[in-house]
Undergrad: 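Dropping the structure in here first, questions after.
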Amino acid sequence: MIKAILFDYGATLDTFGQHWGMVIWHGYEHLDIPVIEAQYREAYVYGERTLGSKEIICKTDTFLTTLNVKIDLQFDFLRDSGAWLPEPEERKAKHDALVEYLYSGLQRNMSHTRQVLSQLREKAIPMALVSNFYGNVETVLAEMQIRDFFCDVIESAQVGIRKPDPRLYALGVEALRKKAFPEQIDEQDILVVGDSISKDIIPANSLGCKTAWFKGEGWKKKTVDETIPDFIITDLQDIAKLSI
């Protein structure tokens, strides 16, 4: 019997199992930005490593601001590597069109997410969130109008622990115990929902939690062991069909 849920955020509640790197790449394809996928992948990795090593994103930055920074970093890399040398006007036009395309798609997704979270709240299921993020996840959750669904939010940048370290999920379990249950709740009664086998499912399994893997388009094209999670979902709505 599932008594509480710990959600991952990125690629789980916002893109439904699709890695953000692939979401953005499909935006490049949609807008005919003239780079090949290998060049884009290098740019994406550069951008993420830069965001991870430098304090560029502020705690109060929205995801729209974050997305603008991500695309700027990618475009800078493509320019500096010689992969794409647009004129300033073309670069700005592509940048703005790409951000608008990605953000509008995100808003459509979040409408569905809010519906499912509302259904779970109506069933009196306590929920918390555990995320590797840039330090501004609280702002992003408020921007997406879902912060109030969670009794607590555990973010890697705020606690100094990153997934796949299971201690991050252990903090989520402890938060549920302190804020949602006056009595003890066993790990086996908590469902962890995430898009990554290595970063979400395996560490949650190690704690004894039930796990639901959101199967979607990953960053790496490789076969995974689908027997590792307790459940496999392809839509958030699938969670409501579990034994809750």
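We number each residue from 1, following the sequence as shown. Because the structure is predicted, anything quoted here is derived from the model rather than measured.
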Undergrad: Under 4.5 Å between side-chain heavy atoms, counting indirect links through other Ile/Leu/Val/Met/Phe/Trp/Tyr residues: same cluster for Val224 and Ile233 or not?
TA: no
Undergrad: What pairs with Tyr169 under side chain to side chain donor-acceptor pair (under 3.5 Å), at least two apart in sequence or on another chain?
TA: Asp200
Undergrad: Are any non-hydrogen side-chain atoms of Asp225 and Ile197 less than 4.5 angstrom apart?
TA: no
Undergrad: Got a donor-acceptor contact below 3.5 angstrom from the Asp165 side chain to the Ile161 backbone?
TA: no
Undergrad: Under a 4.5 Å cut-off applied to non-hydrogen side-chain atoms, are Ser118 and Phe149 in contact?
TA: yes
Undergrad: Could you tell me whether a side-chain N or O of Thr139 sits under 3.5 Å from a main-chain N or O of Thr62, the two making a donor and an acceptor?
TA: no
Undergrad: Using side-chain heavy atoms (C-beta onward) and a distance below 4.5 Å, is Ile239 in contact with Leu236?
TA: yes
Undergrad: May I have the step-by-step check of side-chain contact (heavy atoms from CB on, under 4.5 Å) for Glu138 and Arg147, ending in yes or no?
TA: CA-CA 7 Å; Glu138 290 269 7; Arg147 175 59 184 90; 2.6 Å; yes
Undergrad: Set out, in order, the CA-CA distance, both residues' side-chain angles and the distance that settles side-chain contact (heavy atoms from CB on, under 4.5 Å) for Asn136 and Phe133, then state yes or no.
TA: CA-CA 7 Å; Asn136 61 330; Phe133 218 72; 3.3 Å; yes
Undergrad: Enter the distance from Ile57:CD1 to Thr50:OG1 here, rounded to the nearest 0.5 Å.
TA: 11.0 Å
Undergrad: Within this structure, what is the CD1-CG distance for the pair Ile125 and Leu117, rounded to the nearest 0.5 Å?
TA: 12.5 Å
Undergrad: Search all heavy atoms of Ala175 against all heavy atoms of Asp152 and return the closest pair with its distance.
TA: CB-OD2, 3.5 Å
Undergrad: Can you tell me which residue among Trp25, Tyr44, Phe63 is in a ring-ring contact (aromatic ring centres under 6.0 Å, His included) with Trp20?
TA: Phe63
Undergrad: Taking only Lys NZ, Arg NE, NH1 and NH2, and the carboxylate oxygens of Asp or Glu, determine whether Arg91 and Glu87 approach each other closer than 4.0 Å.
TA: no
Undergrad: Ignoring hydrogens and angles, tell me if any N or O in the side chain of Asp235 forms a donor-acceptor pair with the backbone of Gln237 under 3.5 Å.
TA: yes
Undergrad: Looking at Ile33, is its backbone amide N or carbonyl O close enough to the side chain of Trp84 to form a donor-acceptor pair, meaning the two atoms are under 3.5 Å apart?
TA: no
Undergrad: Could you measure the distance from the CZ atom of Arg108 to the OG1 atom of Thr113? Nearest 0.5 Å is fine.
TA: 13.0 Å
Undergrad: So, Arg121 side chain and Phe150 main chain: donor-acceptor pair closer than 3.5 Å or not?
TA: no
Undergrad: Main chain of Phe75, side chain of Lys94: is a donor-acceptor contact present, judged purely on distance under 3.5 Å?
TA: no
Undergrad: Could you check whether Lys163 pairs with Asp8 (Lys NZ or Arg NE/NH1/NH2 to Asp/Glu carboxylate O, under 4.0 Å)?
TA: yes
Undergrad: Hey, are the side chains of Leu129 and Leu6 touching, using non-hydrogen atoms and a 4.5 Å cut-off?
TA: no
Undergrad: Can you see which heavy atom on Ala240 is nearest to which on Gln119, and at what distance?
TA: CB-OE1, 4.3 Å
Undergrad: Between Val192 and Ile232, is there shared hydrophobic-cluster membership here, with clusters defined by ILVMFWY side-chain heavy atoms closer than 4.5 Å?
TA: no
Undergrad: To the nearest 0.5 Å, how far apart are SG in Cys209 and CD1 in Ile2?
TA: 11.0 Å
Undergrad: Compare all side-chain heavy atoms of Trp213 with those of Ile228 and state whether any distance is below 4.5 angstrom.
TA: no
Undergrad: Can you tell me if Lys221 has over 12 outside heavy atoms packed within less than 6.0 Å of its NZ?
TA: yes
Undergrad: How would you list all residue pairs meeting salt bridge (charged side-chain N to carboxylate O under 4.0 Å, His left out) that involve residues 50-65, not counting sequence neighbours?
TA: none
Undergrad: OG1 of Thr60 to CD of Glu143: how many Å apart, nearest 0.5 Å?
TA: 11.5 Å
Undergrad: Out of curiosity, does Met144 fall in the hydrophobic cluster containing Leu120 (side-chain heavy atoms, cut-off under 4.5 Å, transitive links)?
TA: yes
Undergrad: How far apart are the closest heavy atoms of Ala124 and Pro126, and which atoms are they?
TA: O-CD, 3.3 Å
Undergrad: Could you walk me through whether Tyr134 and Glu48 pass side chain to side chain donor-acceptor pair (under 3.5 Å), step by step?
TA: CA-CA 10 Å; Tyr134 309 107; Glu48 293 306 301; 2.6 Å; yes
Undergrad: When you group the ILVMFWY residues by side-chain heavy-atom contacts below 4.5 Å and let the links chain together, are Leu85 and Leu98 in the same group?
TA: no
Undergrad: Search all heavy atoms of Gly17 against all heavy atoms of Asp195 and return the closest pair with its distance.
TA: CA-CB, 4.1 Å
Undergrad: Take Val130 and Val153, measure what side-chain contact (heavy atoms from CB on, under 4.5 Å) needs, and give me the verdict at the end.
TA: CA-CA 6 Å; Val130 175; Val153 172; over 6 Å; no
Undergrad: Donor-acceptor pair, Gln158 side chain versus Glu155 backbone, under 3.5 Å?
TA: no
Undergrad: Tell me whether Asp32 contacts the main-chain N or O of Tyr28 through its side chain, where contact means a donor paired with an acceptor under 3.5 Å.
TA: no
Undergrad: When clusters are formed by joining ILVMFWY residues with side-chain heavy atoms under 4.5 Å apart, either directly or through shared neighbours, do Leu78 and Leu51 land in the same one?
TA: yes
Undergrad: Flag the pair Gln74 / Ile24 as yes when at least one side-chain heavy-atom distance between them is below 4.5 Å, and no otherwise.
TA: yes
Undergrad: Is there a side-chain contact between Pro88 and Lys92 in this structure, where contact means two heavy atoms from C-beta onward sitting under 4.5 Å apart?
TA: no
Undergrad: Indicate the atoms forming the closest heavy-atom contact of Gly47 with Leu73, along with that distance.
TA: O-CD1, 3.8 Å
Undergrad: Does any pair with a residue in residues 85-130 pass ring pair (Phe, Tyr, Trp, His ring centres under 6.0 Å), and if so which ones, sequence neighbours excluded?
TA: Phe16-His112, His30-Tyr101
Undergrad: Atom CG of Asp230 and atom CD1 of Ile201: how far apart are they, to the nearest 0.5 Å?
TA: 8.5 Å
Undergrad: Which heavy atom of Leu176 sits nearest a heavy atom of Ile5, and at what distance?
TA: CD1-O, 4.4 Å
Undergrad: Given side-chain contact (heavy atoms from CB on, under 4.5 Å), test Leu191 with Val193 step by step and report yes or no.
TA: CA-CA 6 Å; Leu191 177 69; Val193 182; 3.9 Å; yes
Undergrad: Just wondering, do Arg177 and Val173 contact through their side chains at under 4.5 Å, heavy atoms?
TA: yes
Undergrad: Between Arg167 (side chain only) and Arg162 (backbone N and O only), is there a donor and an acceptor less than 3.5 Å apart?
TA: no
Undergrad: Indicate yes or no: does Lys210 engage Glu187 in a salt bridge with an N to O separation below 4.0 Å.
TA: no
Undergrad: For Asn205, does its backbone N or O pair with a side-chain atom of Thr211 as donor and acceptor, under 3.5 Å?
TA: no
Undergrad: Is it true that Glu42 and Arg49 make a salt bridge, defined as a side-chain N closer than 4.0 Å to a carboxylate O?
TA: no
